[in-house]
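Proteins come first, then strands; the chains are lettered A, B, ... in the order of their sequence lines, and each starts at number 1.
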2 protein chains.
Amino acid sequence: MNQDQLSLTFAALGDPTRRAILTRLTKGEASVAELSKPFLGGMSAPAITKHLKVLEKAGLISRGREAQWRPCKLNGQGFKEIADWVETYRKFWEESFDRLDEYLKTLSKAKETKTKVAKTKKKGTKYGRQK
Amino acid sequence: MNQDQLSLTFAALGDPTRRAILTRLTKGEASVAELSKPFLGGMSAPAITKHLKVLEKAGLISRGREAQWRPCKLNGQGFKEIADWVETYRKFWEESFDRLDEYLKTLSKAKETKTKVAKTKKKGTKYGRQK
DNA sequence: CACATGATTAACTAATAGGTTAATTAACCG
DNA sequence: CGGTTAATTAACCTATTAGTTAATCATGTG
């Protein structure tokens, strides 16, 4: 299934070939042929076409018409969706930096005082049997 | 194929079940059994175990030991990787908002002046034959 | 029109993903 | 120890994915 937009977008980004295509597009519009060249020996056009379909459904690119060419360009909206989603987890990565910070302070403190820390055994946690 | 960390992380986020697990974990640590309950009729424990392996390799969670329970918790680092990657595309979504903004201004201007915009046909683009 | 170029579609293949149930491992409890 | 609970591993199934080559569609040009 995986029909929801966020899943489509994340899944699209999970492929390195597709991310390479996006990186290329930061430098400007490109045709299918242009996009296929950079891939060692050149990836086949049908393969690129498929990737572009995935990227388009993911809202990460949009496509134009220019005679027989169908140039692709980045579509900001898709990226914003991802940015907004991950933003809701910000405090978790900031927290871990806080903890790292605290740990580093602990280290230097330990160096000063040579303190031996007692290892306290936790018991009876929330995971204990409930009946 | 798909071995790089960023691919693992994005691919992990591409599954709605796994994102639901992450959402649950924002409220605190949880065991496999606790994580399986919310899924309509309860998803099987082996399925959850597999998802957790994916999330762990993606750097999005870490796991502890508490007797026979293996509680999971969020790992901020994985989220930061994603945030950093998407940040490099920020200007593309901001640009599109600028364009929207400009468009809205154009609209209200048109309302004021009733201007008819000439449609200019582009010709001879970069996609032309290079022979 | 005939033909060349660019892209897509069709058909196929091999590998991977997401799920299941059954069996196994690990740890606690009486 | 024997039993129970939590989780993982194994084996299996089906659907999807990423790629291929060959054929088709679309467009511009002599």
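- With sequence neighbours left out, B:A58 forms a side-chain contact (heavy atoms from CB on, under 4.5 Å) with B:T9, B:A12, B:L60.
- A:A47 meets the side-chain contact (heavy atoms from CB on, under 4.5 Å) test with A:M43, A:S44; sequence neighbours excluded.
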Identify each atom pair where a protein N or O and an N or O of nucleotides 9-12 of chain C are less than 3.5 Å apart, giving names and distance.
| residue | atom | partner | partner atom | Å |
| --- | --- | --- | --- | --- |
| C:dT9 | OP2 | A:K53 | NZ | 2.0 |

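- For B:L52 and A:T17, each mapped to the nucleotide of DNA chain D holding its nearest heavy atom, the one lying further toward the 5' end belongs to B:L52.
- Ranking C:dA7, C:dT8, D:dT20 by closeness to the A:A33 side chain, first place goes to C:dA7.
- Residue B:N75 holds its CG atom at 10.5 Å from CG of B:L22, rounded to the nearest 0.5 Å.
- In this structure A:R70 satisfies the side chain to side chain donor-acceptor pair (under 3.5 Å) test with no other residue, sequence neighbours excluded.
- We find that CG of A:L55 is positioned 12 Å from P of C:dT8, with the value rounded to whole Å.
- Distance CD1 (A:I21) to P (D:dG19): 9 Å, rounded to an integer number of Å.
- Annotation: side-chain contact (heavy atoms from CB on, under 4.5 Å) contacts of B:T88 (sequence neighbours excluded): none.
- Relative orientation of the A:F10 and A:W85 rings is perpendicular, given thresholds of 30° and 60° on the angle between their planes.
- In this structure, the NE2 atom of B:H51 is 12 Å from the C1' atom of C:dT20, given to the nearest Å.
- Atoms CD1 (B:I48) and P (D:dT9) sit 15 Å apart, rounded to a whole Å.
- Put simply, A:S44 has no side-chain N or O that comes within less than 4.0 Å of OP1 or OP2 on D:dG19.
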Can you name the atoms? Protein N/O to nucleotides 24-27 of chain D N/O, anything below 3.5 Å, with the distance.
| residue | atom | partner | partner atom | Å |
| --- | --- | --- | --- | --- |
| D:dT27 | OP1 | A:R65 | NH1 | 3.0 |

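- The side chain to side chain donor-acceptor pair (under 3.5 Å) analysis of residues 55-64 of chain A, with sequence neighbours excluded, yields no pairs.
- Under 4.0 angstrom from either OP1 or OP2 of D:dG19 there lies no side-chain N or O belonging to A:R18.
- When the C1' atom of C:dA7 is taken as reference, atom NZ of A:K37 falls 14 Å away, rounded to whole Å.
- Following rounding to the nearest Å, B:E29 (CD) and D:dA7 (P) show an atom-to-atom distance of 13 Å.
- Looking at residues two or more places apart in sequence or on another chain, you find a salt bridge (Lys or Arg N to Asp or Glu O under 4.0 Å) between B:R90 and B:E87, B:E94.
- Atom CG of B:D84 sits about 7.5 Å away from atom CH2 of A:W93, to the nearest 0.5 Å.
- Between the CH2 atom of B:W69 and the C1' atom of D:dT8 there is a distance of 16 Å, given to the nearest Å.
- Atom-to-atom, CD of B:E66 to P of C:dA26 comes out at 18 Å; the value is rounded to the nearest Å.
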